[in-house]
Each structure stands twice: as C-alpha cells, then as structure tokens.
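These notes are about the structure you will find just below.
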Amino acid sequence: MKIGTPKEIADGEARVAMTPASARDLQKLGFECCVESGAGEKAGFSDAAYEEAGVEILKTAAALWKAADVIAKVRQPTETELKRLTKSKTLISFFNPGGNEDGLELAKSKGATVIAMEMVPRISRAQKMDALSSMANIAGYRAVIEAGNNFGRFFTGQITAAGKVPPAKVLVVGAGVAGLAAIGTSTSLGAVTYAFDVRPEVAEQVESMGAEFVYLDFEEEQQDGAATGGYAAVSSPEFREAQLAKFRELAPEVDIVITTALIPNREAPKLWLADMVAAMKRGSVIVDLAAERGGNVEGTVMDEKVVTDNGVTIIGYTDFPSRMAAQSSTLYATNIRHMMTDLTPAKDGQIVHDMEDDVIRGSTVTHAGEITFPPPPPKIQAIAAQKKPDAPKELTAEEKRAQEVAAFKQQTKNQVTLLAVGGALLLAVGLVAPASFMQHFIVFVLAVFVGFQVIWGVSHSLHTPLMAVTNAISSIIILGALMQIGSGSFLVILLSALSVFMAGINIFGGFLVTRRMLAMFQKS
C-alpha cells in the first residue's frame, strides 16, 4: 500500500504530515511513500530531502489523492478533498468530528475510513499517538515566546551597573498540556511564574516545575477533572466567583497572562474580564490560547493582536503550532507513524483496521460506510475514575493497644526461639571444634547477628546510600582475609580467598549502584 501527504491548502498553514525521517520509518512498515511537490517547503523539508529518503514526488494534489491508499494530512479536509475519497482509501487527519457533520456524511457516502487524530483516547498506551497533546505542547511553548516578543523587559531579574531589573511575573491559567509547557518555558527563562487550575491534583506538577500554584480560599471541594478525559470539569457559580476574585487580586501584579482553558467544540469560558485587563500595568501582555472558541479574555480578537487603551497587548493568534512548523511537523508526523504502526501489526504494508482495539476504535469516525462517531468509552478507564476502596475501619484506642501487645508478644517469642536454636547449634559445634576455632567463630556469629539487626532496621529508601558504608566494612574483611591467606591450613586459605572474592563483589557493586543513584540527580 502507498501512503501519501498532500500540500496543506488552509491559509497560513505551514505544517506537513510526513517528514523525510517519518517516511523512512513508514517504509520499514512496508509502505511506499509519496508527497505532493512542495508539501514540506514551509516546514523546511525540500523535495530533494524527500527524494533522498525514498519518497515519490507527485506534481499535483489530484495525482496524490488518486495514487495513495492512505492519505495523511494536518488540517480538517475540505469538501473538495473529501470528494476524492473512495471506499478503498483511509484518511488520517484532524477532522473535528463533533462540529463537522457534513464532512462525516460525505466521508460515509464515499465508504472511506477516516481516523481523526484529535479523537485518540487519552490512555497511557496511546500517548505516542496523541497529536492534540503534541500540538498543545508547542502552543504553550510558543505562547511564552510570543509574549516575550511583545513584552518590553527581561523575563529574568538582573542586577547590573545601571540598576536592578526585577523579574517578570507570569500567570498561566490552566495547567493542561499547553499550560504545563508554558510554565516550563516561563520558569526556564527566569520569570516568577504562577499557575492556576480548577483541578487540585495538578498542584504538585506545577510546583515541581518551579512555579507557584494559586490556591483559592474556598470551602467547597474543587471538582476533579481527571475523570473527564483530561479536561477540567465545569465549576459551580460560587467557585467561579471565588476564582474571578483571585484573578482581580493578581491582575495589578502580573506582567504576562497566558490563558489555556479550552474544551473541544465548546465555547471558551471567560476567565479574564475587562476590568482585570484594565487593572493590569501598561506594557503587560496577554496571550489567549482559546481564541479560536471565543477566547478566555474579554477583548480577544481571533487571529489578531490588539492593544487596549491602557497599553495592554492581547494576542489571539490560533496558529502557534504552525509558527513552529518544523518542530510541529516532526512531532505530528511521529504521531502518524505510531498510528500506522498499530494499524500494520505484521509490518507488511497492509492495514488491519481492528475495531476491537481501544485506540483504533476511539479515533475512527467513519468506517465501512458507517459513521462510528462518537466512540464508546475505552475499556481501560482512567485511574481517577475508578471507585475508591472503602476506608479501613477506625480502631478504638483499646483495640490498637491490644494489637500492639499481641505484636510485641509474637516478636519476643520469635526472638527467643531464634536465640535458643542458635545457642543449641553453637553448643553442638563447641563440643567437637577446638577452642581456638570457637573463639573466632563466636566473634563471627555475633558480627553476623549485629550486622543483620543493623541492616534490617534501615529504611528501604536508604539501602542505596548504605552501599557506600558497607564498602568500608568490606575493606576491613578483605584486609583480614589477606592476612590469613598465608596460613598453612588449606581450609583457612580457601575461606580467605572466598572472603576476598565476595567482599570485592560487594565493593564494586556498591560503587556501581551508588554511581547510578547519583547520576539520577545530575542534569544531562
């Protein structure tokens, strides 16, 4: 089978769904690859680069749609493009099935199979195909870069001979994929970064990236959005009022605001109102990543940059991924390649469309002359959506005390039994062994006993650092063994050699484990 990628015809779209690198990987799956001439030019991939990768160059879109069995593209296909589909063709693209009924009906009438990349289920196994997250990651990064381009000062604070420069203060509203990418970029540039999200479980992620999570003084339990496909749940009116009050408090302090609250096929919630924009300092910048659905900010104009009367710049661009076309195309083409890997289990260039597979079924919107959107819920449910186990029964003080006493008695009984058995064995050995042997043997037994008690009491999390300490003990063992190797007794020589061998393994192993542990905390 042949997989092809046409040139994107949407205004301003610079991305391409196949790169020379992804084409090589697709060929390993048994596919022939082709692209329309000039498809990758805006993303920095020339026709010559494709030819070098073994990709056939076709001059026109019509020729490509006719020759390819699988068409991979970026933007939602137009009516003209959908009319070129046939029963034997598969289209992989962003499709917006929730808001594209005419497109679904047309694809159904053609009998074609359509895979919508935005419908890839958000489960662990499908992360490598999650094109929405790939593009949101780039949008979050680019939003910070765009804000910096329009912000008249440094992000990081500086102390210079000319005076002290305070760091910029950045507020990121929404800590999804785009929000986390914006947070990471902002903190890496040295800005003081704040983040807000209605899902409390993301607070640790935000703080681990060096930002400060904005908490609300609100009594009602915040809704958990982890069970809603990774998006935030709708908040109560009371929660919204508390949220807006906090934003009004922050508005005069922050220099840059990046809003990311957007759920597909829904109007974006208004989070940053006109009075908050008016309260911001002159020269401040707002980047609204929800501009395509009306925006989170009052005053946002889709695909435009506006400056308010008080000097605040509001950026409503919707093509952030396309502004980084080379990176976006690389990630998106990789998502497509992973999807094709799942569709081609035998790596023979033949698609096996398994509708029992959660990922394939979830992302397929038309198949075999039928509309298969919306998909059923995935069989693998999110962890957050699973029913929590019942809490253990609370014990009374008397019951706790009784358990502790029983445990102590059992522990004492076990220790007495071990001591009795060990004493009996030691006595039996003493009846036949010479006194000189017994003197050393008793010291050995006591050392083993004390060492066992010491090691057994160490927390598991400290075992790796403890290896460095045991190296010193092993060195003492090696020195003692070396002193005994010159003995005239074969048994003593054998035992000394074994001691050197085993202690040496412990030392080298300890160094290796400790080195790996330290490497975990070193930046690459």
Side-chain angles (χ1 to χ4, degrees), residues 132-133 135-151 153-157 167-216 222 225 230-232 235 240 242-263 268-273 276-277 279-281 284-293 295-300 312-318 320-321 324:
L132 272 182
S133 293
M135 299 302 103
N137 181 29
I138 294 172
Y141 173 88
R142 180 69 189 195
V144 177
I145 302 302
E146 203 70 38
N149 188 48
N150 288 272
F151 185 55
R153 296 194 288 106
F154 292 135
F155 267 72
T156 183
K169 293 184 178 180
V170 178
L171 172 64
V172 179
V173 181
V177 176
L180 290 174
I183 292 166
T185 308
S186 175
T187 55
S188 67
L189 289 174
V192 177
T193 308
Y194 304 92
F196 173 82
D197 198 284
V198 299
R199 298 165 295 176
E201 65 270 15
V202 303
E204 289 186 4
Q205 298 178 55
V206 168
E207 291 167 355
S208 70
M209 300 177 73
E212 180 181 335
F213 190 78
V214 177
Y215 292 94
L216 298 184
Q222 296 185 19
Y231 297 104
S235 304
R240 173 174 168 78
Q243 174 182 322
L244 295 179
K246 175 59 72 172
F247 290 164
R248 289 188 176 96
E249 178 185 330
L250 292 171
E253 300 179 13
V254 296
D255 302 298
I256 295 172
V257 176
I258 298 173
T259 62
T260 69
L262 178 64
I263 298 177
K270 294 297 181 185
L271 302 177
W272 204 260
L273 307 183
M276 303 173 194
V277 176
M280 296 179 71
K281 299 187 289 286
S284 299
V285 178
I286 302 172
V287 181
D288 192 345
L289 292 181
E292 63 180 297
R293 301 298 298 179
N296 299 138
V297 182
E298 287 188 344
T300 294
V312 176
T313 301
I314 304 176
I315 298 172
Y317 301 151
T318 60
F320 287 114
M324 299 184 69

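With sequence neighbours excluded, no residue forms a side chain to side chain donor-acceptor pair (under 3.5 Å) with Q243.
Taking 4.5 Å as the limit, some side-chain heavy atom of L273 sits within range of a side-chain heavy atom of R248. By the 4.5 Å heavy-atom criterion applied to side chains, V202 and F213 are counted as neighbours. The shortest distance between side-chain heavy atoms of L262 and L289 does not fall below 4.5 Å.
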Checking side chain to side chain contact (heavy atoms under 4.5 Å, CB included) for the pair V173/F247: CA distance, chi angles, key distance, verdict?
-> CA-CA 10 Å; V173 181; F247 290 164; 3.9 Å; yes
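Of the inter-residue distances, the one linking M276 atom CE with L271 atom CG reads 8.0 Å to the nearest 0.5 angstrom. Here NZ of K246 is found 10.5 Å from OH of Y194. Values are rounded to the nearest 0.5 Å. Expressed to the nearest 0.5 Å, how far OG of S208 lies from CG of L180 amounts to 8.5 Å. Remark: K270 NZ to T300 OG1 distance equals 6.0 Å, nearest 0.5 Å. Taking CD1 from I315 and CG from N149, the interatomic distance works out to 8.0 Å, rounded to the nearest 0.5 Å.
Sorted by first and then second residue, the side-chain hydrogen bond (donor to acceptor under 3.5 Å, both in side chains) pairs with a member in residues 254-263 read R153-D255, D255-K281, T259-D288, T259-N296; sequence neighbours excluded.
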In residues 135-147, what donor-acceptor pairs under 3.5 Å come from side-chain atoms, sequence neighbours left out?
from: R142; atom 1: NE; to: E146; atom 2: OE1; distance (Å): 3.2
from: R142; atom 1: NH2; to: E146; atom 2: OE1; distance (Å): 3.3

